[in-house]
Each structure stands twice: as structure tokens, then as C-alpha cells.
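Down below is the structure, laid out as C-alpha cells.
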Amino acid sequence: MTGAGQGIGRAVAIRLAAEGATVAVNDLVEDERVTGLVTEISGIPAVADVSDPAAVAAMVADLGDVDVLVVNHAYMSMGAVEDYDLDDWWRVVDTNLGGTFHLVQAVLPGMRRAGFGRIVVISSEWGVIGWPGATAYSASKAGLISLTKTLGRELAPEGIIVNAVAPGVVDTPQLEVDAAAEGIPREEMVARYGAEIPMGRVGRPDEIAAAVAMLTDPRMASMVGQVVQVNGGSTRSRA
């Protein structure tokens, strides 16, 4: 479980552990969020920078065979396209899209030995519809959708099932980035987003965790290469 230190990742780790999984808790650094979660769910610490393929390979080698991979890590920054820092652009893409690619490559041998695997990629509503000021983030999340569809076709014959979840706006610490870009308090940002959603509020991390749990269920073998959109009705799309 990558990006498990907070927000959606933490909620997914707790949900999967409650359903009987032994969860490897990944984040960029082994801080109190990671150690606390590992203790809470009897998990395994798995700290690594997923944008670094060597670090990913070493992490997976330490863990051994992985039968369920949930890819949730993300880096986000915002800015006008004409002013966007090139180094930051590639940091977003290398983390979100590149990190997912490295992780899939690393876990595939174990899944192939078992003849079974479940991979759930956390994309974003912004990867479906785009978002002003989030060019790199939206592009990286759109890339994850295409990667999911391609891997779904490629790996399903081996019993390795790949799907994605594209959350809408969710009440997580990541909204601090949005609020800072708008120059408003986080609470105002949450209220502003919620007013634009048919359900009348932003999503909760546990709601995304429920969708992920469904997609990791071994009985969901015929759902392949799909993008489950959990967004309170803000987007109704065939992506």
C-alpha cells in the first residue's frame, strides 16, 4: 500500500487490514504516521521513494511476493502552465506515473509465480476531466488511467487483474495544495468544492477505501481495466 501515511492511503490500509490482509505500509519517510499505522494494523514498514526504481526493487525484494498492490502515492503542485517549473513537472510525473510503473514491474514476478494478483491504481477525477492549474498532476493521473486499461488487457490472461479508482475531491491533507493555490483557508476550499458536487459535500477517505476493497476481492475476476469513479456525481463519464 503506497502513500499510506495519511488520507486515502491510510484509510485503505486500515480497511484491508480489517479484512484480513497483512499490509505493507509504504511512504517516503518512516515518520510517526508510518510507525503508528504499522502498530495499529500489525502491518509491515516499507519505506521507499517510489520514483526511484532501485529503491522500489529493494523494497519489494525485502517484502517477498506481493499478491495485492494498491498504488496510491502522489505528489502534486499547481501553477499556470506558462510558468510551471520544468523540474517540478517531471517530479510530479516521475512520482505518480513513473512510480506506478516501477511498482508494477517489481511485483509482477511474484504474481506470475502465484498465477494470481490484484492491482488497484488510484487515479483522480482530474485525470478524467483535467483541471486548470494542475497540468502535471492531471496529465500524470490520465496516464495512470491509460496504464490501467493497457495492463488490464495485458495481464488478465495470467490471472492478474488491474483496475483503477478515480476519486473526486476527497477531504485529505492534499487539499492544502489547492487552498494555497487559491490563497484561501483549507476549510473554505473544502466548502467551495462541496458546493459544486451533486451530493453536496466532498468525499471521505473511507469511501475510497470501500471501492478499493471491492476491487481487491478475489471474486471480482471479470472486472478488468475499469475506472471506478467515486465522486458524489460530479463526473459521469465513460473513461
Side-chain angles (χ1 to χ4, degrees), residues 1-27 33-34 36-44 46 66-74 76 96 100 103-104 107 116-129 141 144-145 147-149 151-152 156 160-175 190 193-194 196-239:
M1 176 75 231
T2 66
Q6 63 183 10
I8 290 172
R10 176 181 170 80
V12 173
I14 291 171
R15 174 66 182 254
L16 296 183
E19 296 193 357
T22 299
V23 180
V25 177
N26 164 266
D27 218 303
R33 300 174 308 167
V34 171
L37 181 59
V38 167
T39 299
E40 179 180 346
I41 65 173
S42 299
I44 303 168
V66 173
D67 56 5
V68 174
L69 171 65
V70 182
V71 185
N72 168 73
H73 63 272
M76 177 181 174
N96 300 353
T100 301
L103 285 155
V104 170
V107 302
F116 171 88
R118 292 290 182 272
I119 298 174
V120 181
V121 175
I122 306 300
S123 179
S124 169
E125 180 180 38
W126 291 4
V128 178
I129 64 173
K141 292 295 189 174
L144 289 177
I145 289 174
L147 182 65
T148 295
K149 292 177 177 292
L151 292 177
I160 301 169
I161 306 302
V162 185
N163 289 289
V165 177
V169 179
V170 180
D171 193 359
T172 72
Q174 187 167 286
L175 290 185
V190 171
Y193 278 139
E196 298 173 351
I197 297 172
M199 187 172 60
R201 63 169 175 84
V202 302
R204 300 190 308 266
D206 63 288
E207 293 171 319
I208 311 306
V212 173
M214 176 189 71
L215 294 175
T216 62
D217 191 321
R219 296 168 295 183
M220 293 293 289
S222 63
M223 193 166 187
V224 174
Q226 301 302 308
V227 182
V228 178
Q229 298 191 58
V230 185
N231 56 36
S234 59
T235 302
R236 295 159 297 281
S237 169
R238 296 181 181 180

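- Listed by chain and number, the residues in a salt bridge (charged side-chain N to carboxylate O under 4.0 Å, His left out) with E40 are R10 (sequence neighbours excluded).
- Between H73 and T100 the shortest side-chain heavy-atom distance falls below 4.5 Å.
- Interatomic distance, I160 CD1 to L69 CG, rounded to the nearest 0.5 Å: 11.0 Å.
- In this structure, P218 and F116 have side chains that are in contact, with non-hydrogen atoms separated by less than 4.5 Å.
- Counting heavy atoms from C-beta on, the side chains of I145 and K141 never come closer than 4.5 Å.
- The shortest distance between side-chain heavy atoms of L37 and I14 falls below 4.5 Å.
- Nearest approach of G5 to R33, heavy atoms of both residues: O-CB, 3.4 Å.
- Counting heavy atoms from C-beta on, the side chains of V169 and E196 never come closer than 4.5 Å.
- The distance from atom OG of S124 to atom CD1 of I129, rounded to the nearest 0.5 Å, is 8.0 Å.
- Checked against side chain to side chain contact (heavy atoms under 4.5 Å, CB included), A221 has the following partners two or more places apart in sequence or in another chain: R118.
- L215 CG to I161 CD1: the interatomic distance, rounded to the nearest 0.5 Å, is 11.0 Å.
- Applying the side chain to side chain contact (heavy atoms under 4.5 Å, CB included) test to D217 and every residue at least two apart in sequence or in another chain returns R219, M220.
- Between N26 atom CG and M1 atom CE the span is 8.5 Å, to the nearest 0.5 Å.
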Working note: V25 + I41, criterion side chain to side chain contact (heavy atoms under 4.5 Å, CB included); need CA distance, chi angles, decisive distance, verdict. CA-CA 10 Å; V25 177; I41 65 173; 4.0 Å; yes

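- The structure places CG of L103 at 6.0 Å from OG1 of T2, a figure rounded to the nearest 0.5 Å.
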